[in-house]
Novice: 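I am attaching a structure below and will ask some questions about it afterwards.
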Amino acid sequence: MKDSDSAMKYNNRPQSMNGFDEEVEFLPATNSKKVEKRGPKKKFVLLGVVIGAALLSLTVGLLVWHFAYRNARVQRVYTGFLRIANTEFRDAYENSTTAEFNELSERVTNTLKNVYLADKDIAPYIQQCSVHAFSEGIDNSVMGYYWSEFSVPAYREVAMDKAISELKLPSVNPRQRSSAVVSLVAYPADPQIARNFRDKSCAFFLHSQTGSVTKFSSPGFPDSAYPPNVRCQWTLRADAGHMIHLNFKTFRMEKCKVNGGDYVTLYDSLSPLEPRILNRLCGSYPPSYNLTFFSSENVMLVTLVTDYVGKFPGFHAEFKQLPKITLCGGNIKDSNGNITSPYFPAHYPPNRDCIWQIEVPNNKHVKLRFNLFYVADPGAPANQCTKDYVEVKAKKYCGEQKSFVVSSDSNKISVRFVSDQSYTDTGFTAEYLSFEPQNPCPNQFSCMTGRCISLDKKCDGWNDCDDFSDELACTCTDQQFRCASSNHCKPKYFVCDGVNDCGDNSDELQCKCPENMFKCGNGKCIPNAKKCDQTDDCGDGYDEAKCDKVAVTACTQYTYKCKNNQCISKKNPECDGEQDCSDGSDEDTSKCSCGKRPYTKKSRIVGGINADIGEFPWQVSLHTKNDKHTCGASLVSSKFLISAAHCFQDDRSIRYSDPALWTAYLGLHDQAQIKGSNVMERKIKNIRAHTGFNDNTYDNDIAVLELESPVSFTDFIQPICIPDTSYDFPVGKSLWVTGWGALTEGGTGAQILQKAEIRVINQTECNKLLDDQLSLRMLCAGFISGGIDACQGDSGGPLSSVESNSKIYLAGIVSWGEGCARRNKPGVYTRVTAMRDWIKEKTGL
Ligand code: 4AZ
């Protein structure tokens, strides 16, 4: 009965299927009731269908895997070099069209192919290999540079890389005198280069001419931008026994990107091998940056890879040959002097090992002070100094280091400098000095680091020794505050300046609101949750102005006002790359094309605090009739300058308010070169000093100058951004003051533009230091005990602030101070945000 019941249940099936049921066995199932109702034959049918389907999908899967994946091929390109022993280099080997080149190339290619054929992991996949260049090798040998191309199933890629890296050459009898490939090096090619490595449409071959320099540049230079999406290469050669000295005179390329972008790579080889990269260059270098490189042998390869975007001028380079000298270091017996890495400040040559043995008289010790130290190799693991390094007293130093001192324990010290085959840097300079071990710092304080500092720097709150040894065991003065855990004494105005100067934050604790509270501009504490909630809880609007999010809010002194008069709550919304105002006025291009430094790289080797060329392209030098620098100014558009009103006040003999007295020099770096090619000279059409300027208090110390004719912007001449009234330059923010003013109080002016990094100081604290002389239109900034400050002649010049949108804003105008660089007497600047409306009225900007 049960069977017939179950047949009834399936009677809607086609007949033929029912007929099958009898031979099929069912798999056990969890629902036994249902299974019981089915007949045993039907079970067999279903099982068969399941197994059949499983087998079918397995077969299909295997076929798909075999054809679509296992058989899918990838192109693998390797590049490398090999040494052909017992072969004399011939000039004809430099030219790939000569019979000699082709004969040797064919012979070497065959050897290479045979090596590949002998390896079962490589042989099935060979597509092509070719030797594309030769150069002189050591001991009567020739170096050959080659490409090899393979078509490898994807799943064999890793095995292929391994087999290539482990390739063995057939052993050669050392007594054999005939030509033979004796060593082989191969690496996977850079994918950017492997893409079209056969393309020779942008390949150049240059051999240095004795006694002269050979020039080359990127395509189109200097008349047009280099083309997008290209790969160019320059093969540079020198005569045997020489090395290449390459110098980039101009380097203006796209800003460096983490992946891709435009870049130039220099190789210490004629094959573009990763482990022979001397350097990779991108971005823009100022002319003062020393972009000089050396090869270890007589060849170098320079490649240029560009992507789709951007228009940049490119580069211009020169190279020459120098006799190959590998000697470096030496035995020194003077009691003081200097040592440097080879060819400093050029990038040191690869593959050097130099040892200096310094010996001073028996009763003395030696102190080594490294002043500049750039021994960075991006391939080296951090802090391990496994590649390039300097070794002194069994300690290795590498990377970029601030100046440091190493002292000997006897009258001898040895310095070793090692550079490997890849990545070279600009190296180091070091002074050595003998000293009495009992009195290492006569009339000075002796730091535990070995450095000597002037006695007045002890206990001044600044870490002058680099290890804080000058700030230990100090009695704080009444102008100082004691940090909780370190016991260091710090200037009182560091308290509550928003910067953790003590390291344990103890200088910032008493001034903070309790936890989970927010401090208003007027000092009131409100719960964090009330910040940016669209209600003015502070009473001065501060909590609705410094928000991460944008919302239209009531206008206060802290909010940003859009062109349509709506006020928004976001902090510093102007030119931040996001449209925050509903009318887009916060991102107006007329407002936002400012504050840019054309050079993306900073020069490293500048003496003292000289600014770099093009580092402050808005800096203007204002000369009076007798042709002398008198005041600074900032360029804010093609025809307006902003300066200080006090520069244009008449005195008994000179009418400083007369525009005809003044000449503006833009793009100037060196006062001795006012006729330089980067400099533009302009007469002044009119001067508008603030009518509220007070000669006694220096309140409203601002003036606008109109140039007689507009200037065009260049790499050396650019306008600085003017901040909105609501712009926030918080206490503790670091700013740059620049000028050609006096180098010391009462001293003479600087020839080269000077720069100093200083910090915004709390207005109330500063007012205490300056006897309540500050108005709300003044901003206080200083770098007290280091003796760095603005001084006479810097007046009118910019106080520049690098902002998070990477634009630079005019935070202040150099105005006044009590002397210069005096302790506890920071400089005073005109607060530009307080002058924003006046500037708009006078310039329309
Ligand atoms: C001046 O005489 C001057 N230390 C400018 C700035 C400062 C002092 C003097 C600030 O132009």
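Just so we're clear, the structure is a prediction, and the values are computed from it rather than from any experiment. Side chains included, hydrogens not; waters and symmetry mates left out as well; all remaining heavy atoms used. Just so you know, ligand 1 is whichever comes first in the structure, and atom 1 is the first atom listed for that ligand.
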Novice: Where on Cys791 is there a heavy atom closer than 4.0 Å to ligand 1, on the side chain, on the backbone, on both, or on neither?
Specialist: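 The answer is the backbone of Cys791.
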Novice: Output all residues satisfying side-chain hydrogen bond (donor to acceptor under 3.5 Å, both in side chains) with Ser712, sequence neighbours left out; order by chain, then residue number.
Specialist: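 Testing Ser712 for side-chain hydrogen bond (donor to acceptor under 3.5 Å, both in side chains), a comparison that skips the adjacent residues, returns none.
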Novice: Restricting to non-hydrogen atoms, name the atom on Asn463 and the atom on Asp467 that form the minimum distance, rounded to 0.1 Å.
Specialist: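 In terms of heavy atoms, the two residues are closest at OD1-N, 3.5 Å.
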Novice: Which residue owns the protein heavy atom closest to atom 8 (C) of ligand 1, what's the atom, and how far is it?
Specialist: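 Nearest protein contact, heavy atoms only, for atom 8 (C) of ligand 1 is Gly819 O, 3.5 Å.
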Novice: Ligand 1 and Asp794, any nitrogen or oxygen pair closer than 3.5 angstrom?
Specialist: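 There is no such contact.
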Novice: Give yes or no for whether the N/O distance cutoff of 3.5 Å, strictly under, is met between Val814 and ligand 1.
Specialist: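 The answer is no, given that Val814 and ligand 1 share no N or O pair closer than 3.5 Å.
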Novice: Checking the N or O distance criterion of under 3.5 Å, is ligand 1 in contact with Ser795?
Specialist: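 In this structure, Ser795 places an N or O atom under 3.5 Å from an N or O of ligand 1.
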Novice: Please set out all donor-acceptor pairs under 3.5 angstrom arising from side-chain atoms of residues 806-819, sequence neighbours excluded.
Specialist:
residue, atom, partner, partner atom, Å
Lys807, NZ, Cys592, O, 2.7
Ser815, OG, Asp701, OD2, 2.6
Glu818, OE2, Gln773, NE2, 3.2

Novice: So which heavy atom in the protein is nearest atom 10 (C) of ligand 1, and how far is it from that ligand atom?
Specialist: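 Checked against all protein heavy atoms, atom 10 (C) of ligand 1 sits closest to Ala790 O, 3.3 Å.
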Novice: How close does the nearest protein non-hydrogen atom get to atom 4 (N) of ligand 1, and which residue and atom is it?
Specialist: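 The closest heavy atom on the protein side is Asp789 OD2, 2.6 Å.
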Novice: Does any N or O of ligand 1 fall below 3.5 Å from an N or O anywhere on Gly817, backbone included?
Specialist: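 Min N/O separation from ligand 1 is not below 3.5 Å for Gly817.
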Novice: Taking the inter-plane angle between the rings of Phe373 and Phe404 on a 0 to 90° scale, is it parallel (under 30°), tilted (30 to 60°) or perpendicular (over 60°)?
Specialist: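 Rings of Phe373 and Phe404: perpendicular, over 60°.
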Novice: Donor-acceptor pair, Gln649 side chain versus Ala645 backbone, under 3.5 Å?
Specialist: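 At least one qualifying donor-acceptor pair exists.
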Novice: Hey, does Leu622 have a side-chain heavy atom less than 4.5 Å from the side chain of Thr630?
Specialist: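 No - every pair of side-chain heavy atoms lies 4.5 Å or more apart.
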Novice: Which atoms from ligand 1 have a heavy atom of Trp816 less than 4.0 Å away?
Specialist: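 Listed by number with element: 7 (C), 10 (C).
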Novice: Scan Asp576, Asp586, Asp728 and name whichever one has a salt bridge (charged side-chain N to carboxylate O under 4.0 Å, His left out) with Lys570.
Specialist: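 Running salt bridge (charged side-chain N to carboxylate O under 4.0 Å, His left out) over Asp576, Asp586, Asp728 with Lys570 returns exactly one hit, Asp576.
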